[in-house]
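Throughout, a chain's letter reflects where its sequence line sits, starting with A, and its residues are numbered from 1.
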Amino acid sequence: AGPVENKSEAAMSELVPEPRQKPVVPMKPMGINASLLGYIGIDTIIEQMRKKTMKTGFDFNIMVVGQSGLGKSTLVNTLFKSQVSRKSSGWNREEKIPKTVEIKAIGHVIEEGGVKMKLTVIDTPGFGDQINNENCWEPIEKYINEQYEKFLKEEVNIARKKRIPDTRVHCCLYFISPTGHSLRPLDLEFMKHLSKVVNIIPVIAKADTMTLEEKTEFKQRVRKELEVNGIEFYPQKEFDEDLEDKTENDKIRQESMPFAVVGSDKEYQVNGKRVLGRKTPWGIIEVENLSHCEFALLRDFVIRTHLQDLKEVTHNIHYETYRAKRLNDNGGLPPMTVETEENHESNL
Amino acid sequence: SPFQNEEKRNLSLGGHVGFDSLPDQLVSKSVTQGFSFNILCVGETGIGKSTLMNTLFNTTFETEEASHYESTVRLRPRTYDLQESNVHLKLTIVDAVGFGDQINKDEYRPIVEYIDTQFENYLQEELKIRRSLFNYHDTRIHVCLYFITPTGHSLKSLDLVTMKKLDSKVNIIPIIAKADTISKSELHKFKIKIMSELVSNGVQIYQFPTDDEAVAEINSVMNAHLPFAVIGSTEEVKVGNKLVRARQYPWGVVQVENESHCDFVKLREMLIRVNMEDLREQTHTRHYELYRRCKLEEMGFKDTDPDSQPFSLQETYETKRKEFLGELQRKEEEMRQMFVNKVKETEAELKEKERELHEKFEHLKRIHQEEKRKVEEKRRELEDEMNAFNRRKVAVETLQSQSLQATSQQPLKKDKDKKNRSVVTANQPGVSLSSSKVMITKANVEPLNCTSWWQAIQCCSCLVKSATWREGFL
């Protein structure tokens with residue numbers, strides 16, 4: 001297990017870049033710009049900016065979509081190492097599978113290293129569970145657009161809030177069932193529609209049901225199918241900013257994704273260490289062990305390196321697209337916005 | 001209902017998640033994009049604005065000395081790309097040239113206009129349907145350094161009026177320039193006087209923020225030192241065994257970076273090393289928002305009740321847009337009408353000119369025909385003469401040949417030739433007469449067949465020049 005762990009760590013650093021180092025404030029000029037005769041202190045703006053952002057805190061909204069039983073809640077809890085999502089199975093056995101797709105958003109405030117984050121997990125129970133799943137992505141698309149609408153409303157106010165609350169979905173984890181064959185029509189339909197409005201990160205759930213070869217094959221097949229169907233998942237090729245981004249992202253798109261993950265919130269003792277894992281008669285599957293599954297890759301990708309980028313793509317691209325479309329339509333406002341608010345009140 | 005209400009709970013984490021790298025992620029994005037910082041310098045000509053900028057940024061920004069004879073205050077922005085470690089700064093220094101030199105003291109207006117224009121440009125970008133705010137070059141003024149003349153007494157009315165007009169639009173940091181011309185005690189009194197005048201006139205200058213514990217202390221200390229008394233110098237003087245930036249006087253050396261000599265270091269510390277980001281933020285969240293709000297209200301937008309906000313904005317926006325498009329159409333129509341009228345006018349003018357020219361052409365044609373007739377007459381006379389001459393010649397020759405026939409035969413041949421030739425010569429006028437008739441007829445006909453008078457004139461000229469019947473004369 002020792003050498004295995006080292007290899008996994010090495011593999012981890014290979015595939016996922018280290019988060020960039022905190023810049024050190026130099027006391028002497030670096031001599032880069034010949035015309036600057038001495039140290040001015042322009043680079044202190046980095047520290048100033050960092051302090052300010054730490055003070056204001058961050059919002060992050062992550063949505064999970066997939067059929068029941070694929071381990072969505074467990075995965076999100078594993079990602080954030082806390083009970084951010086209530087499991088649909090478990091002790092709430094009275095909860096039936098809903099008849100339509102429901103959208104449940106639950107927010108928590110978590111803190112780490114002085115950084116405060118308001119994390120909202122948006123669950124979509126009922127997705128893909130019906131007999132007739134036609135258009136079951138519609139409520140989800142509607143929800144996403146409603147958040148854009150909310151933000152837009154705030155943005156066009158005359159007297160605006162200093163900080164507009166951000167409820168827009170920054171990231172949508174789509175759970176693929178590990179059939180080992182191919183994507184289902186529902187998967188393709190969902191991702192085709194939604195990849196245009198939100199960042200979709202496909203993950204292969206319950207990856208512990210596949211062997212390494214099956215996993216590799218399945219991933220290849222899924223990637224191929226996504227490409228053939230023109231589905232641009234995050235990180236989208238067209239938003240690569242420079243060559244550095246492109247090479248980094250190409251590697252992720254063509255080799256790592258979709259991440260084959262296993263989730264767990266239980267800890268077990270393995271080689272004297274406490275690890276998150278799943279206990280089976282044939283062994284303990286270590287969630288954060290890269291040779292067992294790609295959870296660590298997903299976590300590093302989503303949280304440690306691309307979290308800010310997910311938000312920026314949502315803000316600068318998806319939101320802007322929505323806004324442009326809204327402003328172009330001649331007052332063609334979706335009537336449901338008004339109606340749901342009324343319904344909401346009447347249902348109470 | 002489709003979704004539940006949000007519940008905000010504080011959760012503790014069971015291990016290291018890793019989102020503490022978030023500030024780094026955010027900052028590194030900004031570093032890649034680069035930063036903008038825009039400084040406006042307002043102060044009398046010659047008060048040392050350029051020197052101070054050079055001193056602050058340790059470089060020589062190329063500037064010519066400003067003249068005192070500007071006819072109006074004009075704003076002169078200059079942008080420079082600076083880099084320190086991995087930070088790229090797009091620094092814009094805006095000079096209010098001619099400030100303090102005008103006789104009519106309405107000098108704040110161009111400055112206010114300039115500041116408003118930068119806000120307006122940003123607002124325009126923000127209101128666009130397809131916009132790109134994230135790589136927009138921000139030209140909004142982040143700080144205004146107001147240079148106070150070191151009289152030692154009080155603020156001038158120009159200063160008060162100007163600062164009052166600017167304080168709701170930009171972060172103002174007042175500075176006492178050329179501080180080495182005042183003694184320390186005078187300076188202290190001067191500072192107090194200035195601050196009390198600012199307060200009593202309700203001028204809101206920029207306060208270094210004291211809400212963040214990390215910088216609260218230093219900022220509140222600095223707030224008490226305002227306005228900063230500075231001197232600028234890019235010359236270096238040897239003091240002890242170091243070369244420092246200073247001004248050398250016979251009685252001593254005033255060192256720029258010596259805090260007991262002036263507040264330069266404080267200014268640099270506050271402006272760049274501690275509050276640069278706050279200045280940018282205040283500009284965006286306070287001054288710009290105020291401008292935006294006023295502008296939108298002016299344009300007729302209002303926030304009504306929460307439920308119909310975007311609707312009313314949307315509707316008003318739509319109405320305004322329709323109005324604007326209508327206005328645009330009207331203007332287009334106006335312009336088109338104007339253009340049509342102009343075309344008609346010009347057409348009429350041209351027709352008039354055409355008529356005139358046609359008249360002229362007719363006139364010239366008549367003259368030309370007259371001339372031609374005269375020439376014809378003369379030619380006929382000449383022909384008649386020639387014919388008469390030839391007849392006489394023939395008569396004489398006949399007589400001659402008759403008398404010569406009696407003598408020899410050979411000369412007969414010659415005479416015959418002569419006769420033939422003379423016969424030929426005699427015939428020529430006949431030939432040329434008939435051909436010239438053709439030519440005349442031709443000359444009479446052709447010009448009239450030309451489609452334009454210009455062509456006609458040219459035809460006539462050609463005919464006159466190259467007419468074959470001319471050879472009859474030769």
#### Entry: Criterion salt bridge (Lys or Arg N to Asp or Glu O under 4.0 Å) on Lys55(A) and Asp211(B), from CA distance to verdict
CA-CA 10 Å; Lys55(A) 214 172 123 215; Asp211(B) 48 357; 3.6 Å; yes

Between [X] and [Y], what is the shortest heavy-atom contact and its length?
X	Y	result
Asp278(B)	Lys52(A)	OD1-NZ, 2.9 Å
Glu112(A)	Phe19(B)	OE1-N, 3.1 Å
Ile129(B)	Arg323(A)	O-NH1, 3.2 Å
Ser21(B)	Ile303(A)	OG-O, 4.1 Å
Leu13(B)	Ser82(A)	CD2-OG, 3.9 Å

At what distance, to the nearest 0.5 angstrom, does [atom1] of [X] lie from [atom2] of [Y]?
X	Y	atom1	atom2	result
Asn86(B)	Ile46(A)	CG	CD1	4.5 Å
Arg293(B)	Asn157(A)	CZ	CG	11.0 Å
Leu327(A)	Lys128(B)	CG	NZ	13.5 Å
Leu26(B)	Phe58(A)	CG	CZ	5.5 Å
Phe57(B)	Ile42(A)	CZ	CD1	6.5 Å
Glu244(A)	Thr32(B)	CD	OG1	8.0 Å

Let me know if [X] has heavy atoms under 4.5 Å from chain A in its side chain, its backbone, both or neither.
X	answer
Asn275(B)	backbone
Phe35(B)	side chain
Ser132(B)	neither
Leu91(B)	neither
Arg268(B)	side chain
Val17(B)	both
His16(B)	both

### Message
Applying the side-chain contact (heavy atoms from CB on, under 4.5 Å) criterion to Gln48(A), which one of Arg280(B), Glu277(B), Glu281(B) satisfies it?
### Response
Glu277(B)

In the structure I gave you, are the side-chain heavy atoms of [X] and [Y] within less than 4.5 Å of one another anywhere?
X	Y	value
Leu22(B)	Gln308(A)	yes
Lys162(A)	Glu289(B)	no
Arg130(B)	Glu320(A)	no

When you look at [atom1] of [X], are more than 12 heavy atoms from neighbouring residues, nucleotides or ligands closer to it than 6.0 Å?
X	atom1	result
Gln124(B)	CD	yes
Lys116(A)	NZ	no
Arg274(A)	CZ	yes
Glu217(B)	CD	no
Glu235(B)	CD	no

#### Entry: Interface residue of largest heavy-atom contact number with chain B, from Glu111(A), His315(A), Lys51(A), under 4.5 Å
Glu111(A)

### Option that, when pairs with chain B are counted at under 4.5 Å, heavy atom only, ranks first among Ile122(A), Asn316(A), Thr321(A)
Asn316(A)

### Message
As a quick check of understanding, evaluate side chain to side chain contact (heavy atoms under 4.5 Å, CB included) for Asp24(B) and Arg50(A), giving each step before the final call.
### Response
CA-CA 7 Å; Asp24(B) 288 319; Arg50(A) 187 185 291 119; 2.8 Å; yes

### Query
What part of Met54(A) gets closer than 4.5 Å to chain B, counting heavy atoms only: side chain, backbone, both or neither?
side chain

### Query
For Leu79(A), is it the side chain, the backbone, both, or neither that has a heavy atom closer than 4.5 Å to a heavy atom of chain B?
backbone

### Query
Is any NZ, NE, NH1 or NH2 atom of the basic residue among Lys29(B) and Asp309(A) found under 4.0 Å from an Asp or Glu carboxylate oxygen of the other?
yes

### Task
Using modelled atom types only, decide if a donor and an acceptor are shared between the side chain of Arg273(B) and the backbone of Ile40(A) within a distance under 3.5 Å.
yes

